[in-house]
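Keep in mind that what you see is a predicted model, and the values were worked out from it rather than measured. Numbering starts at 1 and runs along the sequence shown.
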Amino acid sequence: MSYTALYRKFRPDTFEDVKGQDHIVTTLKNQIRAGRIGHAYLFTGTRGTGKTTVAKIFARTVNCENPAQEGPCGECRICRAIAAGASMNVIEIDAASNNGVDNIREIVEEVSYSPAEGKYKVYIIDEVHMLSIGAFNALLKTLEEPPSYVIFILATTEVHKLPITILSRCQRYDFKRITIDTIAARMRQLTEVEQVQVEEKALRYIAKAADGSMRDALSLLDQCIAFHLGNELTYDKVMDVLGAVDTEVFSRLLRCVLEQDVLGCVQLLEEIVMQGRELTQFVTDFTWYMRNLLLVQSSDNLEDVIDMSSDNLARLKEEAALMDMNRIIRYIRIFSELSGQIRYASQKRILVEIALIKLCRPSMETSQEALLDRIRDVEEKVENGVAVLPGGYGAGQEAAASAQGQGMGAKSGTAAPRPPAIPDDVKEVVSHWSAILGSAGNPMKIYLKEAIPSLGGDNRLMLVLEDGVASDYFTQHPQNREQLENLIGGYIGKEIEVDIQVAKDRQEAEESYYDLRKGFSGVNMEIEVEE
């Protein structure tokens, strides 16, 4: 016996089996129960949401000899005939291939004949928006005043293409996209029946990839099961089959963008390509990831809207705190434009690389968002001010040169070594802390804003950071700490070592370490209050 695809094998037979369209199912059941059946219905909505399925269940129910509360009985002669496609009472027409005037005229002629058995003749016209103007005109009069035994059900994914004269003659029902929870629960039922072991995380990713379509979800599930037949279907295996990229990769990519690390972005894209991932899906998923960043930044109570684990959500909140809303919107715009270009492009990788470079280099763009992004960086430096050393040399100038590897610090070898710092010099660093922050580039500046300066062992400056992205920036990348030491050395004119300490949270950091800034009075430092 030939294999039947899951979406065909488990197509709902009753209203009770229809998932995610309760508002429509309840209305139709009430109409049938009260005998208030209309003569023309319009079912509209995205693909795979149940339009044709509900139409067939409705057609069987109105003709069933023993209808139940949840739909047709499925046992009577008429139900069996309709299910087998042998009934003359239910006529299903594909308007995509039968869209001419002559096809509609045949329907108009057939309407005059009453059903040989059952109560109603039901015409289901799928993809009705494909009919020609002449075909629509030929259908108008019959659609408005059909015989009492005729019901028209028009189904379409593009309702905006229908003439207003057709819309005004039908009861319209809008089928919603099915939620991820509903799709995942339905797939869980089917896998239990099919005796297939599947991880819950894998089911939820398939449900998300289906984009609200139950049929697409079951087709993807079928594909994944076939690829790993006989084995448990895990999240990683689903990612392999669909050519998708894990959320952790998006987090790494975003950090490279924030650090304006073009090389890091290109190398990470190289890994994605070598793993055989589909770049079109990658662009879509990364755009969705940035959309989640935007939602997290907009509100604190979106856990139910953003479908991801608590660990990934916590990291997402950390990353959202490092960016402003306008910057995220610019990133989304660039990748949204890319998603429209990449689908039919022959050089997809080059297009993705160009988009990543645009994210890292706002100066490449002349759009309003890019200009605002550049202006914000300049304003932050101006607001924080630039400290001037007693010798007349601009500390900010030296710090900037140091950051580029061209400074006058001992690390570059272009000037005499600075003397080591003593506790008084550490205090001087703290007194200039606002100016130091103003000279630092992003994302270092953002990470340092939450740091607590304290005195470490051997007269070293200690910076206490919460465990997370900020602490990883310095502890896992020694060159970043070295850059910070050069930056600070430019202000005090001495060599200084920075000791990074990691605290579990802000409360532990404040309770366990002394904030040197509290020991100064009358020192002009900016204090940022976060609510």
Side-chain angles (χ1 to χ4, degrees), residues 1-13 17-20 46-50 53 177-253 267-289 292 306-316 342-343 348-349 352:
M1 183 178 178
S2 61
Y3 176 73
T4 304
L6 290 179
Y7 80 87
R8 294 178 57 198
K9 183 177 181 180
F10 292 99
R11 171 171 277 175
D13 293 322
D17 295 333
V18 177
K19 305 298 181 182
T46 188
R47 70 194 185 284
T49 50
T53 297
R177 292 178 184 268
I178 306 173
T179 64
I180 293 176
D181 291 335
T182 302
I183 294 176
R186 177 63 173 168
M187 288 194 294
R188 172 59 66 191
Q189 294 176 357
L190 305 189
T191 52
E192 290 176 356
V193 173
E194 292 289 294
Q195 297 182 348
V196 176
Q197 293 184 338
V198 187
E199 281 185 355
E200 186 66 26
K201 188 177 179 181
L203 288 180
R204 294 194 67 83
Y205 185 83
I206 294 174
K208 179 183 175 183
D211 193 24
S213 171
M214 184 70 76
R215 182 175 62 230
D216 287 5
L218 296 184
S219 296
L220 292 174
L221 178 63
D222 220 346
Q223 178 183 348
C224 294
I225 292 174
F227 192 81
H228 297 284
L229 193 62
N231 300 319
E232 181 183 10
L233 187 59
T234 64
Y235 175 74
D236 292 334
K237 291 177 180 177
V238 168
M239 302 290 279
D240 289 337
V241 174
L242 302 184
V245 178
D246 189 65
T247 304
E248 186 269 337
V249 177
F250 297 141
S251 179
R252 289 167 52 197
L253 180 62
Q267 289 176 341
L268 189 54
L269 183 63
E270 171 73 16
E271 293 180 19
I272 293 171
V273 172
M274 295 306 295
Q275 291 172 2
R277 305 308 189 189
E278 173 55 46
L279 289 181
T280 304
Q281 184 67 37
F282 161 76
V283 171
T284 301
D285 289 346
F286 188 54
T287 307
W288 189 265
Y289 185 80
N292 290 341
I306 300 175
D307 185 67
M308 59 173 52
S309 65
S310 56
D311 293 339
N312 286 336
L313 185 60
R315 185 167 290 274
L316 196 70
I342 197 173
R343 190 174 303 276
K348 297 184 179 181
R349 178 173 176 175
V352 177

Measure across Ile206 and Cys224 and return the closest heavy-atom pair with its distance rounded to 0.1 Å. CD1-SG, 4.2 Å
Restricting to non-hydrogen atoms, name the atom on Gly20 and the atom on Thr182 that form the minimum distance, rounded to 0.1 Å. N-CG2, 4.0 Å
Looking at side-chain heavy atoms only, is the closest gap between Phe227 and Asp222 below 4.5 Å? no
Over all atoms of both residues, closest heavy-atom pair of Gly48 and Ser213: CA-OG, 3.2 Å
Salt bridge (Lys or Arg N to Asp or Glu O under 4.0 Å) with Lys348: which residues, sequence neighbours excluded? Glu278
Hey, could you give me the OG1/NZ distance between Thr179 and Lys19, rounded to the nearest 0.5 Å? 11.5 Å
Hey, does Tyr289 have a side-chain heavy atom less than 4.5 Å from the side chain of Leu253? no
Would you say Lys201 and Val238 make side-chain contact, with heavy atoms under 4.5 Å? no
What verdict does the side chain to side chain contact (heavy atoms under 4.5 Å, CB included) test give for Arg252 and Glu271, after you've listed the backbone C-alpha separation in whole Å, the side-chain angles of each residue and the deciding distance to 0.1 Å? CA-CA 12 Å; Arg252 289 167 52 197; Glu271 293 180 19; 3.4 Å; yes
Full working for side chain to side chain contact (heavy atoms under 4.5 Å, CB included) between Trp288 and Lys208: CA-CA 11 Å; Trp288 189 265; Lys208 179 183 175 183; 3.1 Å; yes
Closest contact, heavy atoms only, Met239 versus Arg277: O-NH1, 3.2 Å
Can you confirm whether Glu232 sits close enough to Val198 that some side-chain heavy atom of one is under 4.5 Å from a side-chain heavy atom of the other? no
Side chains of Val193 and Leu190: does their closest heavy-atom pair fall under 4.5 Å? no
To check you understand the geometry: which heavy-atom pair defines the closest contact between Ala184 and Ala207, and what is its length? N-CB, 4.1 Å
Heavy-atom nearest pair, Gly212 first then Thr49, reads O-CG2, 3.6 Å
Should Asp17 and Arg11 count as an ion pair when the cut-off is N to O under 4.0 Å? no
In Å, rounded to the nearest 0.5 Å, how long is the span from CZ of Arg204 to CD1 of Ile180? 6.0 Å
If you look only at pairs with a residue in residues 182-200, which of them pass as a salt bridge (Lys or Arg N to Asp or Glu O under 4.0 Å), with sequence neighbours excluded? Lys9-Glu194, Arg188-Glu200
Do the non-hydrogen side-chain atoms of Asn231 and Gln197 ever get within less than 4.5 Å of each other? no
Should the pair Tyr205 and Tyr235 be assigned to parallel (<30°), tilted (30 to 60°) or perpendicular (>60°) ring geometry? perpendicular
Are Leu221 and Tyr7 close enough that some pair of their side-chain heavy atoms sits under 4.5 Å apart? no
For Arg177, enumerate each residue passing the salt bridge (Lys or Arg N to Asp or Glu O under 4.0 Å) test, keeping only those at least two apart in sequence or located in another chain. Asp211
Rounded distance (nearest 0.5 Å) linking atom CD1 of Ile225 with atom OG1 of Thr191: 7.0 Å
With a 4.5 Å cut-off on side-chain heavy atoms, are Arg47 and Met214 touching? no
